[in-house]
Amino acid sequence: MLDATNRSGGTAAAPPRAGSSDLAVAVPTAAPVLAPAPGFAGRCARALLSPWSRLSLLVVLLASAAAVMVVLEPQRLLTDGLPARLGGVVGVVAYAVAYGACTVAFVPRPLLNLAAGALFGSQFGLVAALGGTVLGAGLAFCLGRVLGQEALRPLLRGRWLKAADNQLSRHGFRSMLAARLFPGIPFAAANYCASVSRMGLLPFLLATALGSIPNTAAYAVAGARASTPTSPAFLIALACIAVPGLAGAVVAWRKRHRLRAR
């Protein structure tokens, strides 16, 4: 049925324009975009970067490095010496780099320190050995921190392990300084224990450099004067090696009894 306006021949009036609020309601909202499910490549990447995969990689790297050291026999430096082209400053730098790599592969530092003194003398031998000590400690710390810390920290549940971790995390510099001054703790073990703790890299390297000077210097002098074992310098060097070792053993024994008493 037509209304009055149409019957009179007029045009129908346009309906009123919708307000802004009506327009806002009328606009449909966009549907949430769902993230695609991770594919095979993503799952493989997560598995390879997991804490235990990285720890396994660290174990493989260290075992391979130790095997290479067994094959190369770095102790031959004491008898064969360095190649003729590695003389002067170049030889010192090359030996420091090789020293650092050897310590990561668990080659004993006393052997490397003696070889440094025998090859370069007391002063340059100390520079080469100390540089290699700091370099090797830094490499081991970074490897342990990146590849092993996340997997090993949840395993620190024993009383002794928690005490050592708390000591290194809260008093890292002085704890590592004491560990380097008293050579009762193996060098590689101290490096990887510090990397698992919350100790910073800079205090670790500084404590290693300062704490390793006395023992490294004693071994370098002993290596340089090994051809004259009755000389005063050689005997003093031996005393400087033996006395801190005995003191470290006594301190460790007393700490052991204190921990048992708690």
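- Residues forming a side chain to side chain donor-acceptor pair (under 3.5 Å) with Gln167 (at least two apart in sequence, or on another chain): Ser175.
- The side chain to side chain donor-acceptor pair (under 3.5 Å) search around Arg174 returns His171, not counting sequence neighbours.
- Expressed to the nearest 0.5 Å, how far CG of Leu210 lies from CG of Leu181 amounts to 8.5 Å.
- Under a hydrophobic clustering in which Ile, Leu, Val, Met, Phe, Trp and Tyr are joined whenever their side-chain heavy atoms come within less than 4.5 Å, directly or via other members, Val196 and Val104 fall into the same cluster.
- Linking Ile, Leu, Val, Met, Phe, Trp and Tyr whenever their side-chain heavy atoms come within less than 4.5 Å leaves Phe120 and Val134 in two separate clusters.
- Taking all atoms of both residues into account, the shortest heavy-atom contact from Pro229 to Phe234 is O-CD2, 3.1 Å.
- Scanning both residues, Ala222 and Leu114, for their nearest heavy atoms gives CB-CD2, 4.0 Å.
- With a 4.5 Å cut-off on side-chain heavy atoms, Thr230 and Leu235 do not count as touching.
- With sequence neighbours excluded, the residues that form a ring-ring contact (aromatic ring centres under 6.0 Å, His included) with Phe141 are Phe204.
- Between the CG atom in Asn191 and the CZ atom in Arg145 there is a gap of 12.0 Å [rounded to 0.5 Å].
- Between Gln149 and Ser197, the shortest heavy-atom contact is NE2-O, 2.9 Å.
- Atom OG1 of Thr103 is separated from atom CG of Leu135 by 7.0 Å, given to the nearest 0.5 angstrom.
- Within the hydrophobic cluster formed by Ile, Leu, Val, Met, Phe, Trp and Tyr side chains joined at under 4.5 Å, directly or through other members, Val59 stands alone, with no partner residue.
- Taking Arg198 as the reference, Arg153, Ser169 meet the side chain to side chain contact (heavy atoms under 4.5 Å, CB included) condition, with sequence neighbours excluded.
- In terms of heavy atoms, Ala190 sits closest to Met176 at O-CE, 3.9 Å.
- Here the closest non-hydrogen pair linking Leu112 and Cys102 is CD1-CB, 3.8 Å.
- Residues meeting the side chain to side chain contact (heavy atoms under 4.5 Å, CB included) test with Val127, sequence neighbours left out: Val92.
- Applying the 4.5 Å side-chain rule to ILVMFWY residues, one finds that Val71 remains a lone member of its cluster.
- Judged as a side chain to side chain contact (heavy atoms under 4.5 Å, CB included), and not counting sequence neighbours, the contacts of Thr228 are Arg225, Ser231.
- In this structure, Leu126 CG and Thr133 OG1 are separated by 9.0 Å, a value rounded to the nearest 0.5 Å.
- One distance of note links CG of Leu168 with CZ of Phe173; it measures 13.5 Å at 0.5 Å rounding.
- Residues satisfying the ring-ring contact (aromatic ring centres under 6.0 Å, His included) criterion with Tyr99, sequence neighbours excluded, are absent altogether.
- Hydrophobic clustering places Leu62 together with Leu55 (ILVMFWY residues linked when any side-chain heavy atoms are closer than 4.5 Å, directly or through intermediates).
- Residues Leu201 and Cys142 come closest through the heavy atom pair CD2-SG, 4.3 Å.
- Phe106 and Tyr192 have tilted rings, their planes meeting at an angle from 30° to 60° on a 0 to 90° scale.
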Throw together a table of side-chain donor-acceptor distances under 3.5 angstrom for residues 211-219, partners on residues two or more places apart or in other chains.
residue : atom : partner : partner atom : Å
Ser212  : OG   : Thr208  : O            : 2.7
Thr216  : OG1  : Arg109  : NH2          : 2.8
Thr216  : OG1  : Ser212  : O            : 2.6

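- As a member of the Ile/Leu/Val/Met/Phe/Trp/Tyr network built from side-chain separations under 4.5 Å, Val60 groups with nothing else and remains a singleton.
- Every side chain to side chain contact (heavy atoms under 4.5 Å, CB included) that Leu61 has, sequence neighbours left out, goes to Leu57, Leu147.
- Hydrophobic clustering keeps Ile236 apart from Leu238 (ILVMFWY residues linked when any side-chain heavy atoms are closer than 4.5 Å, directly or through intermediates).
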